[in-house]
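Everything on this sheet refers to the single structure shown next.
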Amino acid sequence: MFRCILGSSGKHLASVSVLLQNRMSTSAVPVAAVCQVTATPDKEANFSACKQLLEEARQRGACMVFLPEGFDYIGASREETLSLSETLGGDMMSRYTQLARKLEVWLSLGGFHERGPDWEKDRRIYNSHVIINNKGDIVSVYRKSHLFDVELPEKGVSLKESAFTIPGASLAPPVHTPIGKVGLGICYDLRFPELSLVLQRHGAEILTYPSAFTVATGAAHWEVLLRARAIETQSFVFAAAQVGRHHEKRTSYGHALAVDPWGDVLGDCGGEKPGMVLVEVDLEKVNRTRRNMPVQQHRRDAAFYTSLSQI
């Protein structure tokens, strides 16, 4: 049977059928939960809603749970966004490390508002993707490297992330997790195939793009980009998402997706409510896809792809 679990903040989760395989209790294949939330400037309410999803995911057999960009909050102004930010050693991240340890589950926290190293001087932050293991240890931090500075007046989109965010200086190596080797990106990183390809070359079997896509860009590009990243790297792609109205100035597209290495969509949480999809992560599907169509073996050396620059 295929299922997506949907719910809203403060309410019990209901189950509806979609194309997603529910884990059987006898299965040896690890299960991941890819979540969809509606964050607001209320950090306490956001934590409560995410905690409920994590507990539900663990109860249903997930050993790793993916939360989206801005899981901690989405501010209504630059000033609010900055004032609500914390360090990795602050209260919010402490709560999640404790929760991971209590539930014995790995967490992908897909976009934490982390105060920068010169916070007192310049009041700038990182958009940080934090991986926590089931012992409550932070095992990897990737800071978003491609910032969303976009003006689409005909679509009603105007965001300049660089006004208050520091771009990350480097990629993070794929993380060994119970579901496989996970390569880390965040939202706008999805549009840069170079990032996905280098992560795949360094061993990634799963790519993850936790996001808060706008409605306009999501409707046009979300699914096709996620499927493209899965196809070109022959990897699973998990994309936790923000959905719905965060405040009067911002709404997100939703449709948290799980895609397999062939590019087939395994689960879609839709564009209306918080929830999750549960995915059995069978790495043999990665191996089989790469073996049957050995794209990486057919790839030419780096000099070939830079040959035009010599002309």
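For the single chain, residues carry numbers from 1 onward in sequence order.
Residues Gly254 and Gln36 approach most closely at C-OE1, 3.4 Å, considering heavy atoms. Considering all non-hydrogen atoms of both residues, Pro261 and Lys285 come closest at CD-CD, 3.6 Å. Shortest non-hydrogen contact noted between Ser145 and Leu171 is OG-CD2, 4.4 Å. For the pair Gly70 and Ala39, the tightest heavy-atom approach, listed with the atom from each and the gap, is O-CB, 3.3 Å. When every heavy atom of Leu67 is checked against every heavy atom of Cys35, the shortest pair comes out as CD2-CB, 3.8 Å. Taking each heavy atom of Gly270 and Val243 in turn, the nearest pair found is O-CG2, 4.4 Å.
Apart from Trp119 itself, the hydrophobic cluster it occupies contains Leu82, Ile125, Phe164, where clustering links Ile, Leu, Val, Met, Phe, Trp and Tyr at side-chain heavy-atom distances under 4.5 Å. In this structure, Val295 shares a hydrophobic cluster with Trp262, Met293, the cluster being traced through Ile, Leu, Val, Met, Phe, Trp and Tyr side chains under 4.5 angstrom apart. With a 4.5 Å cut-off between side-chain heavy atoms of Ile, Leu, Val, Met, Phe, Trp and Tyr, the cluster of Ile231 takes in none.
Not counting sequence neighbours, the partners of Arg290 by the side chain to side chain donor-acceptor pair (under 3.5 Å) test are Ser235. Checked against side-chain contact (heavy atoms from CB on, under 4.5 Å), Glu272 has no partners two or more places apart in sequence or in another chain. Contacts of Lys51 classified as salt bridge (Lys or Arg N to Asp or Glu O under 4.0 Å), with partners at least two apart in sequence or in another chain: Glu55. The side chain to side chain donor-acceptor pair (under 3.5 Å) check on Arg291 picks up Glu284, with sequence neighbours excluded. Residues forming a side chain to side chain donor-acceptor pair (under 3.5 Å) with Lys135 (at least two apart in sequence, or on another chain): none. Residues passing the side-chain contact (heavy atoms from CB on, under 4.5 Å) test with Ala33, sequence neighbours excluded: Ala57, Ala62, Val65, Met276, Leu278. Residues meeting the side-chain contact (heavy atoms from CB on, under 4.5 Å) test with Val215, sequence neighbours left out: Thr251. Every residue two or more places apart in sequence or in another chain was checked for a side-chain contact (heavy atoms from CB on, under 4.5 Å) with Lys102, and none qualifies. Partners of Ser128 by side chain to side chain donor-acceptor pair (under 3.5 Å), not counting sequence neighbours, listed by chain and number: Glu114.
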(message) Set out, in order, the CA-CA distance, both residues' side-chain angles and the distance that settles side-chain contact (heavy atoms from CB on, under 4.5 Å) for Thr38 and His246, then state yes or no.
(response) CA-CA 6 Å; Thr38 307; His246 309 292; 4.1 Å; yes
(request) Go through Thr217 and Thr214 one step at a time and tell me if the side chain to side chain donor-acceptor pair (under 3.5 Å) criterion holds. (result) CA-CA 5 Å; Thr217 58; Thr214 68; 2.6 Å; yes
(request) Please test Met92 against Phe112 for side-chain contact (heavy atoms from CB on, under 4.5 Å), starting from the C-alpha separation and ending with a verdict. (result) CA-CA 9 Å; Met92 183 59 65; Phe112 174 71; 4.2 Å; yes
(request) Go through Val224 and Trp222 one step at a time and tell me if the side-chain contact (heavy atoms from CB on, under 4.5 Å) criterion holds. (result) CA-CA 6 Å; Val224 69; Trp222 175 246; over 6 Å; no
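Ser196 places a side-chain heavy atom less than 4.5 Å from the side chain of Glu232.
When the side chains of ILVMFWY residues are joined at heavy-atom separations under 4.5 Å, either directly or via intervening members, Val281 and Leu199 end up in a single hydrophobic cluster.
At a threshold of 4.0 Å, the pair Asp72-Lys43 does not count as salt-bridged, since none of the basic side-chain nitrogens sits closer than that to a carboxylate oxygen. Under a 4.0 Å N-O distance rule, the pair Glu104/Arg101 does not qualify as a salt bridge.
At a cut-off of 3.5 Å, with distance as the only test, no side-chain donor of Tyr142 or Asn127 sits close to an acceptor on the other residue.
Without hydrogens or angle criteria, Ser48 side chain to Asn46 main chain gives no donor-acceptor distance under 3.5 Å. With Arg115 contributing its side chain and Glu120 its backbone, the two residues share no donor-acceptor pair below 3.5 Å. Using a distance-only test at 3.5 Å, with no hydrogens or angles considered, no donor-acceptor pair links the side chain of Tyr209 to the main chain of Arg229. Panel note: side chain Thr177, backbone Ile179; a donor-acceptor pair is recorded below 3.5 Å.
Once rounded to the nearest 0.5 Å, the distance linking OG1 of Thr165 with CZ of Arg143 reads 13.0 Å. Atom CZ of Arg299 and atom CZ of Arg201 lie 6.0 Å apart (nearest 0.5 Å). Rounding to the nearest 0.5 angstrom, the gap separating the CZ atom in Phe236 from the OG1 atom in Thr289 is 8.0 Å. Interatomic distance, Leu103 CG to Asn134 CG, rounded to the nearest 0.5 Å: 10.5 Å. The line from CD1 of Ile138 to OH of Tyr96 is 13.0 Å long, rounded to the nearest 0.5 Å. Distance check, rounded to the nearest 0.5 Å: CG of Leu257 to CZ of Arg227 gives 9.5 Å.
A side-chain hydrogen bond (donor to acceptor under 3.5 Å, both in side chains) with Glu69 is found for one member of His113, Lys144, Gln242 and no other, namely Lys144.
Aromatic ring centres of Tyr188 and Phe148: separated by under 6.0 Å.
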